[in-house]
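Notes follow once the structure below has been shown.
Here is the naming used below: chain letters follow the sequence lines, and residue numbers restart at 1 for every chain.
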2 protein chains.
Amino acid sequence: MLDSEWRLTPQRRAVLDVLQAATDHPTAAEVFERVKIASPGIGPATVYRSLALLAANGLALELSLGDGSATRYDGNVSRHDHLVCTSCGSASDIQLVLPSQLLEQLTDASGYAINRYDLQFHGLCPNCQYPTTHPQEEMNG
Amino acid sequence: MLDSEWRLTPQRRAVLDVLQAATDHPTAAEVFERVKIASPGIGPATVYRSLALLAANGLALELSLGDGSATRYDGNVSRHDHLVCTSCGSASDIQLVLPSQLLEQLTDASGYAINRYDLQFHGLCPNCQYPTTHPQEEMNG
DNA sequence: CTTGATGCAAACTCTTTGCAACCAA
DNA sequence: TTGGTTGCAAAGAGTTTGCATCAAG
């Protein structure tokens with residue numbers, strides 16, 4: 001599925017639209033729920049297949065939040081990292097740069113040909129630190 | 001499960017022994033296979049429950065390799081990061097330090113109370129880059 | 001005795017796959 | 001017409017849970 005011989009069908013377009021409109025980091029099930037609004041007849045298998053296809057072709061990122069929950073998808077495909085709240089589960093995009101010498105040292109020391117890294121920070125988000133009325137219970141934001 | 005009011009039963013001890021003897025990063029199923037050698041009567045549910053208990057009490061780390069596969073466990077609970085081979089799936093421990101000012105800046109800018117981070121590098125391990133006879137196909141190392 | 005731990009089996013969640021119908025080139 | 005795509009349903013992997021039994025304090 002890494003070739004470019006694939007069609008942007010209406011279903012795939014709808015999935016891509018959902019991803020690009022999302023500011024959170026939806027699971028496949030959440031993408032499915034949202035896609036059904038624009039494409040009522042679509043089935044979950046098509047959403048899973050479309051997400052895998054988009055991810056394989058660089059139009060989406062697959063993301064594991066490390067909490068054992070379902071894979072999440074990110075329509076923001078530029079290089080970035082994540083802040084994950086350990087209380088409400090929300091994930092925010094952040095942009096930071098690892099010192100390039102750190103990658104070089106690691107390549108030299110390990111012998112790995114490193115082509116990417118995943119970095120996520122876990123902690124309490126501002127909302128969950130300073131509850132206005134009660135701790136957040138939602139699952140994305 | 002975060003209290004210290006728990007007993008190190010023979011089954012839990014056996015699970016812990018397996019983790020501490022492991023140099024790879026076994027899945028729960030792999031831990032189960034190994035634990036059965038010392039504790040033949042043990043059931044998979046006990047292994048899952050023991051792993052969760054040990055992780056909650058800081059005696060094991062849960063680890064997602066970001067490839068959609070099962071959760072892995074690490075008996076090395078000191079702060080470290082991982083190199084993950086995108087070809088054979090093996091994971092190696094590495095020790096590196098993020099510049100502390102990076103964490104400070106991030107805390108200041110985001111408002112998050114960060115208490116940990118997960119960092120993994122993905123690429124080809126030396127074995128898979130320079131195959132001796134043929135590409136590696138094993139799943140841990 | 002009383003509470004927690006175990007093993008088994010069933011249930012559950014998330015995801016993938018087989019397949020016939022369908023659609024675009 | 002030919003091969004890729006879809007939707008459905010079934011299957012599959014990984015993990016959790018209900019429950020009766022068992023063991024430790």
Side-chain heavy atoms under 4.5 Å apart, restricted to Ile/Leu/Val/Met/Phe/Trp/Tyr: what other residues fall into the cluster of A:V97, or is it alone?
none

Using the ring-ring contact (aromatic ring centres under 6.0 Å, His included) rule, collect all pairs that involve residues 75-96 of chain A, keeping only residues at least two apart or in two chains.
A:H25-A:H82, A:H80-A:H82

Not counting sequence neighbours, which residues clear side-chain contact (heavy atoms from CB on, under 4.5 Å) with B:I114? List them please.
A:L83, A:F121, B:L106, B:T107, B:Y112

In the 5' to 3' direction, the nucleotides of DNA chain C bounding the stretch that comes under 4.0 Å of a heavy atom in chain A are C:dC14 to C:dA24

Could you tell me how far apart A:L8 (CG) and D:dT6 (C1') are, to the nearest whole angstrom?
15 Å

Which residues share a side chain to side chain donor-acceptor pair (under 3.5 Å) with B:D17, sequence neighbours left out:
B:R13

Sequence neighbours left out, what pairs pass salt bridge (charged side-chain N to carboxylate O under 4.0 Å, His left out) with at least one residue falling in residues 82-106 of chain A?
none

At 10 degrees resolution, what angle do the end axes of the helix from C:dC1-D:dG25 to C:dA25-D:dT1 form when each is taken over five base pairs?
30°

ILVMFWY clustering at 4.5 Å (side-chain atoms), partners of A:I37
none

Sugar-phosphate, base or nothing in reach of B:G41, heavy atoms under 4.0 Å:
sugar-phosphate

For A:A113, what residues pass the side-chain contact (heavy atoms from CB on, under 4.5 Å) criterion, not counting sequence neighbours?
B:L124, B:Q129

B:E62 CD to D:dG14 P, straight-line distance once rounded to whole Å
16 Å

How does each nucleotide of nucleotides 15-25 of chain D score, in 5' to 3' order, for protein heavy atoms under 4.0 Å: base (B), sugar-phosphate only (S), or none (-)?
BBBB-----S-

Is there side-chain contact between B:L65 and B:R72, with at least one heavy-atom pair below 4.5 Å?
yes

Any residue meeting side-chain contact (heavy atoms from CB on, under 4.5 Å) with A:V47, in chain and number order, not counting sequence neighbours
A:V15, A:V31, A:F32, A:I42, A:L51

I'd like to check the side-chain contact (heavy atoms from CB on, under 4.5 Å) partners of B:A55; sequence neighbours left out, ordered by chain and number.
B:E62

